[in-house]
Participant: 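Okay, here's the structure, questions in a sec.
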Amino acid sequence: MTHALSAAPGPVRQCVELARKDLRLELRAGEALLVTAPFGAVALLLVPLAVGSDTPLLRQVGPGLYWVVVLLFGVLVALRQSAVDDPAQLAVLRLCGVHPAVRLAGRAAANTVLLLAFELLLAPVAVVLYDPDLSGWPWLPLLLPLVAVGLAVLGTLAGALAHGLAGRTTLGSLLVVPVAAPLVVGATQTMDAARYGRQPWAWLLLVLTVDLLVTVALGLAARQLEESA
Amino acid sequence: MSRILFGRRLTIAVAVALSAGLVAAMLAPPDRVQGNLQRLMYIHVPAAWLAYLSFAVTLGSSVAWLWRRQMRYDRVAAASAEVGVFFTGLAIALGSIWGKPTWGVWWTWDPRVVTTAVMFFVYLGYLALRRATLDPTARARRSAVFGVVAFVQVPIVHMSVVWWRALHQPPTVLKPGDPSIDHVMLATLLLNVLAFTLLYLLLLRARTRLAAVEEELETAPLGEGQELAGSAVLAPRLERS
């Protein structure tokens with residue numbers, strides 16, 4: 001028995017395995033990258049039809065629209081159907097001694113990977129459709145993961161809050177989107193600052209602060225949320 | 001029922017304080033630049049402050065529920081959030097009415113205005129979460145967690161005029177040093193803050209009591225011999241049967 005306990009995987013390993021499980025489920029379902037991502041691309045395509053095909057205007061607003069689409073449709077990625085644990089799954093995880101914070105961390109890690117892939121899929125679409133000024137691109141390798149982490153953790157929190165409720169996706173989106181506003185501001189201002197030759201560290205710091213705050217909130221609330229799951 | 005919800009002495013105190021506040025707002029000197037339009041401040045600013053207070057009470061009650069697990073804290077948190085959403089909506093509406101003649105637009109992308117709107121929607125989400133969760137204990141737990149997270153918006157709204165320079169004026173009272181406002185105007189403003197605080201307490205008390213009655217109704221067993229809704233509807237009988 002002692003041997004069995006000592007051989008139990010640590011929290012990091014548990015987290016990685018749970019994230020892999022989520023990613024494997026998504027690979028089978030294809031909801032995030034085969035349905036939501038094309039839906040986001042359609043949104044990027046429709047905007048010029050609504051506001052007019054003024055190329056200089058679209059070039060100016062393109063980056064902002066990209067981040068808005070990432071936020072609105074990224075929430076759908078985080079709240080996808082394959083990221084719902086049924087009561088039996090939760091009971092098994094509890095019996096296996098998986099801490100609620102570890103379970104949610106695994107979900108957040110999988111969400112981060114999917115959201116990053118979602119961002120990377122939509123970025124070339126936005127570039128092709130809007131032809132934006134790409135002078136701030138060297139900051140993107142830092143910015144894209146930071147936004148993905150913030151949105152993933154917020155989506156995980158909202159998914160846990162709305163677990164088992166009717167209209168989970170709509171309610172979760174309402175909970176996430178207003179709180180995620182600093183992420184959009186930070187992302188767009190980072191690109192603007194870089195374009196005008198200013199250092200965008202302050203805006204990156206804003207995004208990082210949001211990431212840290214929501215991660216701490218998720219960690220602190222994990223046990224409470226587990227009880228209501 | 002209305003006497004149980006609203007009581008008597010507090011209601012009278014609210015009526016007196018609101019009347020005094022209204023009279024003081026009418027008698028206060030007009031603004032040198034904006035004239036009588038500035039009198040909107042005596043409702044706009046107390047509404048915004050009371051929104052902060054309401055959400056702070058929601059935060060405190062949410063923490064108290066997570067700590068003590070007593071339903072009365074949940075009732076206070078929910079009631080205060082509802083009243084806070086009302087005051088936030090009032091502050092936004094009055095700000096918009098004030099903004100049209102002074103800024104020339106009903107809505108502007110000023111950081112204070114935008115962050116206040118975001119706060120409004122965050123707490124609408126809080127109320128939607130409560131409405132969607134049927135089990136009382138799960139509802140209390142989930143909304144308590146979100147009630148703590150949502151409060152992050154309040155300092156952001158307050159500090160937005162300091163962090164970003166924009167159209168909205170910076171703090172004139174809640175700031176270090178002497179308030180940068182005429183002292184008669186300040187006294188009138190504080191009187192209205194007091195009146196609105198009493199109104200807040202009245203609404204909070206009424207809503208909390210109403211929530212207690214709703215809970216009793218939800219948990220009350222169905223009386224024996226009482227007809228169920230729809231019991232008068234009979235299954236159709238076919239003529240040949």
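Given the structure is predicted, the values throughout are model-derived calculations rather than measurements. A, B, ... follow the sequence lines: proteins, then strands. Residue 1 opens every chain.
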Participant: Taking the side chain from Ser80(B) and the backbone from Val76(B), do they hold a donor-acceptor pair closer than 3.5 Å?
Facilitator: no
Participant: Taking every non-hydrogen pair under 4.5 Å, which of Leu165(A), Val185(A), Leu174(A) racks up the most with chain B?
Facilitator: Leu165(A)
Participant: Quick one: are Phe87(B) and Tyr52(B) in side-chain contact, heavy atoms under 4.5 Å?
Facilitator: no
Participant: Taking the basic N atoms (NZ, or NE/NH1/NH2) and the acidic carboxylate oxygens, is any pair closer than 4.0 Å for Arg107(A) and Asp22(A)?
Facilitator: yes
Participant: Does a salt bridge link Arg80(A) with Glu31(A), judged by any charged N lying under 4.0 Å from a carboxylate O?
Facilitator: no
Participant: I'd like to know if Asp85(A) pairs up with Arg103(A) as an ion pair, taking the criterion as any Lys NZ or Arg NE/NH1/NH2 lying under 4.0 Å from an Asp or Glu carboxylate oxygen.
Facilitator: yes
Participant: Enumerate by number any residue of residues 201-218 of chain A whose heavy atoms lie under 4.5 Å from heavy atoms of chain B; in the absence of such residues, state 'none'.
Facilitator: Trp203(A), Ala217(A)
Participant: Identify the residues of residues 108-130 of chain B whose heavy atoms come closer than 4.5 Å to a heavy atom of chain A, ordered by number, or report 'none'.
Facilitator: Val118(B), Phe121(B), Val122(B), Leu124(B), Gly125(B), Tyr126(B), Ala128(B), Leu129(B)
Participant: Does the side chain of Arg72(B) come under 3.5 Å of the side chain of Gln70(B) through a donor N or O and an acceptor N or O?
Facilitator: yes
Participant: Of the backbone (N, CA, C, O) and the side chain (C-beta and beyond), which part of Leu220(A) lies under 4.5 Å from a heavy atom of chain B, both, or neither?
Facilitator: neither
Participant: So with a 6.0 Å cut-off around CD of Gln60(A), is the heavy-atom count from everything else above 12?
Facilitator: no
Participant: Would you please say whether a donor-acceptor pair under 3.5 Å links the side chains of His99(A) and Arg223(A)?
Facilitator: yes
Participant: Does a sphere of radius 6.0 Å around CD in Gln81(A) hold more than 12 heavy atoms from other residues, nucleotides or ligands, not counting ones at 6.0 Å or beyond?
Facilitator: no
Participant: Consider only side-chain N and O atoms of Trp98(B) and Gln34(B), and report whether a donor and an acceptor are under 3.5 Å apart.
Facilitator: yes
Participant: Where does Leu171(A) contact chain B at under 4.5 Å (heavy atoms): side chain, backbone, both or neither?
Facilitator: side chain
Participant: Less than 4.5 Å apart, side chain to side chain, heavy atoms only: is that true for Ser61(B) and Asp74(B)?
Facilitator: no
